Number of protein chains: 2
Amino acid sequence: MKRPTMKDVARVAGVSPMTVSRVVSGGAGVSPGTAARVGQAVRELGYQRNDNARHLRQKNPGTSTIGLVVDDLANPFYALMARSVEDEAHRRGYVVLVGSTNDEPRREREVIAAFTARRVDGLIIVPTIGGHGFLKRPMAAGTPVVCVDRPAEGLAVDTVTVDNRAAAERGVGHLLGHGHTRIGYLGDRFGIWTQQERYRGYLDALAAHGIAEDPDLVRHELRSHHEARAALAGLRALPEPPTALFSSNDLITMGVLDALDHPAPVAIVGFDDLPLADRLDPPLTVVSQDPVALGSAAADLLFARIGGDRSAPRSVILLTRFVVRGSGGFRTR
Amino acid sequence: MKRPTMKDVARVAGVSPMTVSRVVSGGAGVSPGTAARVGQAVRELGYQRNDNARHLRQKNPGTSTIGLVVDDLANPFYALMARSVEDEAHRRGYVVLVGSTNDEPRREREVIAAFTARRVDGLIIVPTIGGHGFLKRPMAAGTPVVCVDRPAEGLAVDTVTVDNRAAAERGVGHLLGHGHTRIGYLGDRFGIWTQQERYRGYLDALAAHGIAEDPDLVRHELRSHHEARAALAGLRALPEPPTALFSSNDLITMGVLDALDHPAPVAIVGFDDLPLADRLDPPLTVVSQDPVALGSAAADLLFARIGGDRSAPRSVILLTRFVVRGSGGFRTR
DNA sequence: GTGAAAGCGCTAACAT
DNA sequence: ATGTTAGCGCTTTCAC
């Protein structure tokens with residue numbers, strides 16, 4: 001049982017395909033009588049217009065589809081962001097193609113190529129570490145791009161980020177204010193922009209308190225829960241172990257918590273909030289981002305571009321919240 | 001700067017559009033020389049084939065796009081599922097349109113209509129409470145549908161669920177085994193199939209231990225963290241309050257935990273695992289589902305259908321894991 | 001108010 | 001190995 005086309009509807013209703021087209025598109029300039037007959041035929045056949053064919057011919061360009069490309073859709077942070085983008089799209093009658101990159105430039109290219117081949121009207125991306133020259137073509141052809149969470153190096157597009165550096169400085173400053181002087185830093189891949197920024201914030205805070213950086217206390221490139229645990233073990237085995245830790249994302253924080261006794265024998269401040277963070281012992285002090293705000297800001301920028309905005313690229317920096325719950329204090333080991 | 005078409009590439013390469021088509025589609029039956037010239041022109045113009053036009057004409061049907069419709073993409077459970085579906089799709093060269101329903105039948109219809117208008121090759125849906133007769137048409141037209149997490153009433157399609165009822169019975173049985181006889185039940189909207197099943201499991205367990213249901217201990221329709229807290233307050237204000245609680249999903253569990261002292265003065269078993277559940281005091285005992293397995297099972301079924309499988313609809317029931325961590329024991333209040 | 005013709009960008013089915 | 005013709009399902013344009 002093949003799908004009916006306008007021709008089929010036209011035959012049943014006894015009109016021309018053009019009249020069906022008019023009715024299906026709102027019915028302007030069609031007499032109520034024929035409109036009713038066409039509507040009847042549509043219902044009878046279960047006709048639904050093929051939007052791909054429609055968008056192909058329609059002079060008013062656009063597929064009412066946007067693409068969202070994140071690092072990992074399973075990460076609650078990006079999931080919240082995705083939902084927020086989807087809501088904004090739905091409100092405007094758009095649908096969203098979604099893809100994860102795993103932070104692999106190759107998969108990012110594949111996903112974006114698949115999206116632009118389907119002629120999405122715009123892209124919201126969390127760029128990977130790799131270069132993004134391949135975006136120049138679709139952008140020149142009129143597909144706007146917005147970066148969110150981190151900028152794409154060398155790509156002049158609207159970008160929505162948070163104040164990573166200042167927020168990290170604030171968090172580490174909190175630890176310093178509690179008297180900690182040996183503060184461990186646990187970070188994800190250093191190639192990721194947010195991680196560089198947060199590390200800079202860590203250094204800023206140390207410098208502001210006149211404390212020299214101790215490279216022994218710094219671990220980058222922690223890609224998993226497991227690697228975070230291992231790194232922590234290394235820090236605690238030091239002759240002079242840290243009395244406090246700054247954890248640079250939620251995955252690392254979870255790894256750290258899992259490796260520690262209960263109650264945690266080290267002060268901790270984490271970047272990114274966790275669901276039950278306030279029920280831990282002690283309750284976890286964190287830098288909290290708002291992924292919903294990130295997503296809706298990115299969507300607003302994108303739809304403005306789709307709407308014809310040709311102004312210079314904007315950079316939106318959203319503020320984090322510093323949530324003090326107790327885990328930043330001093331404790332004995 | 002408009003997008004180049006095959007015609008443009010053909011002109012630059014000095015060949016016919018058909019030759020360009022052949023090259024772009026793999027280059028079978030084209031001499032290496034012309035293929036090179038065409039490739040050169042493609043690069044020069046930044047040409048990318050329009051897949052919408054391609055799929056329109058191509059006799060081999062299909063848009064290499066599937067639709068995924070979940071309750072709420074921001075819910076970590078569905079986010080994990082979505083990522084799993086996306087991975088399966090990506091592996092097969094498909095992209096995925098994603099939408100949230102918020103459990104509103106109207107939004108579900110809108111989203112699915114938008115997807116079928118774009119001629120997705122298949123749909124994976126977490127059906128809302130409403131009827132699903134509107135799916136009959138696209139199904140008859142050849143768009144396969146797979147339900148996941150819960151079945152769609154009256155719709156004979158492949159369905160992937162977990163053993164909700166038995167798992168809930170197991171969880172409540174665990175509480176009974178610890179000597180609890182007054183066990184509170186906290187559930188989400190009773191119209192949702194999983195909630196009915198879990199409640200039945202609760203009753204099964206009580207019956208197996210010869211305990212009569214006490215309606216005072218049962219609260220359904222808890223739609224939020226806040227409502228869960230309020231319901232719990234009601235239970236604890238009872239003349240004979242429950243000594244144990246069975247919480248029917250993660251949102252409710254979080255509400256309950258937030259409302260309780262620390263350490264929790266009531267035994268708790270929750271349906272769905274939570275990230276830091278093992279770091280709570282006491283560590284939370286839960287029924288744990290595997291959203292990744294749900295997603296990949298659904299995707300496998302869908303792609304089998306897309307591949308031409310016309311066999312009778314299958315029902316796949318995945319098993320949950322019961323994770324005993326300690327919160328199910330007896331304690332004083 | 002309605003329809004006929006043309007064409008969006010591409011490929012199937014024939015040519016040559 | 002390459003080109004021509006026709007047409008996917010729809011809308012634009014221009015007739016009536």
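Everything quoted here is computed from the prediction, not taken from an experiment. Labels below follow one simple rule: chain letters A, B, ... track the order of the sequence lines, proteins then strands, and each chain is numbered from 1.
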Visitor: Rounded to the Å, how far apart are B:Asn50 CG and C:dG9 C1'?
Guide: 6 Å
Visitor: Closest-nucleotide mapping onto DNA chain D: is A:Lys7 or B:Thr19 further toward the 5' terminus? I mean the 5' end.
Guide: B:Thr19
Visitor: For B:Arg22 and for A:Arg3, locate the closest nucleotide of DNA chain D by heavy-atom distance; then report the residue assigned to the nucleotide nearer the 5' terminus.
Guide: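 With B:Arg22 and A:Arg3 compared, the 5'-side residue is B:Arg22.
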Visitor: May I have the distance from A:His55 (atom NE2) to D:dT11 (atom P), rounded to whole angstrom?
Guide: 9 Å
Visitor: Tell me the interatomic distance from B:Asp51, atom CG, to C:dC10, atom C1', rounded to whole angstroms.
Guide: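 Rounded to the whole Å, the gap is 10 Å.
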Visitor: May I have the distance from B:Arg57 (atom CZ) to D:dA6 (atom P), rounded to whole angstrom?
Guide: 12 Å
Visitor: For D:dT11, does OP1 or OP2 lie under 4.0 Å from any side-chain N or O of A:Ser21?
Guide: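 Looking at the OP1 and OP2 atoms of D:dT11, one of them is under 4.0 Å from a side-chain N or O of A:Ser21.
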Visitor: Heavy atoms under 4.0 Å, any strand shown: does B:Arg49 hit a base, just sugar-phosphate, or nothing?
Guide: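 Sugar-phosphate, no base atom in range.
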Visitor: Choosing from C:dC8, C:dC10, D:dC8, which nucleotide comes nearest the side chain of B:Leu56?
Guide: D:dC8
Visitor: Expressed as a whole number of angstroms, how long is the span from B:Met6:CE to D:dG3:P?
Guide: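 Atom CE in B:Met6 sits about 14 Å away from atom P in D:dG3.
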Visitor: If you draw a 6.0 Å radius around CD in B:Gln40, do more than 12 non-hydrogen atoms from other residues or ligands fall strictly inside?
Guide: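 Yes, CD of B:Gln40 has more than 12 neighbouring heavy atoms, counting only those of other groups under 6.0 Å.
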Visitor: Would you give the length of the straight line joining atom CG of B:Leu318 to atom CG of B:Asp149, rounded to the nearest 0.5 angstrom?
Guide: 11.0 Å
Visitor: Look at B:Arg91 together with B:Asp87 and state whether they make a salt bridge at an N to O cut-off of under 4.0 Å.
Guide: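 No salt bridge links B:Arg91 with B:Asp87.
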Visitor: Can you tell which of D:dG9, D:dT4, D:dT11 lies closest to the side chain of A:Thr5?
Guide: D:dG9
Visitor: From D:dT12, C:dG3, D:dT11, pick the nucleotide closest to the side chain of A:Lys59?
Guide: D:dT12
Visitor: In whole Å, I'd like the distance from the CG atom of A:Asn52 to the C1' atom of D:dG7.
Guide: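 Computing the A:Asn52:CG to D:dG7:C1' distance gives 17 Å.
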Visitor: Using whole Å, what does the distance between atom C1' of nucleotide C:dG9 and atom CZ of B:Arg11 come to?
Guide: 14 Å
Visitor: Are side-chain N/O atoms of A:Arg107 and A:Thr128 paired as donor and acceptor at under 3.5 Å?
Guide: no
Visitor: Rounded to the nearest angstrom, tell me the gap between atom CZ in A:Arg119 and atom C1' in D:dC10.
Guide: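 Those two atoms, CZ and C1', are 18 Å apart.
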Visitor: Can you confirm whether B:Tyr94 sits close enough to B:Glu88 that some side-chain heavy atom of one is under 4.5 Å from a side-chain heavy atom of the other?
Guide: no
Visitor: Considering only D:dT11, C:dG9, D:dG3, which nucleotide approaches the side chain of B:Lys2 most closely?
Guide: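 Taking heavy atoms from C-beta onward, the closest nucleotide is C:dG9.
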Visitor: Looking at the side chain of B:Ala53, which of C:dC10, D:dG3, D:dG9 is the nearest nucleotide?
Guide: C:dC10
Visitor: On the nucleotide C:dG1, are OP1 or OP2 found under 4.0 Å from the side-chain N or O atoms that A:Thr34 carries?
Guide: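 So the side chain of A:Thr34 is outside the cut-off, no N or O lying under 4.0 Å from OP1 or OP2 of C:dG1.
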Visitor: Ignoring the backbone of A:Met18, work out which of C:dT2, D:dG7, C:dA4 is nearest its side chain.
Guide: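 Selected nucleotide (nearest to the side chain): C:dA4.
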Visitor: In terms of side-chain heavy atoms of A:Tyr47, which of D:dC10, C:dG3, D:dG7 is nearest?
Guide: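 Nearest nucleotide to the side chain: D:dC10.
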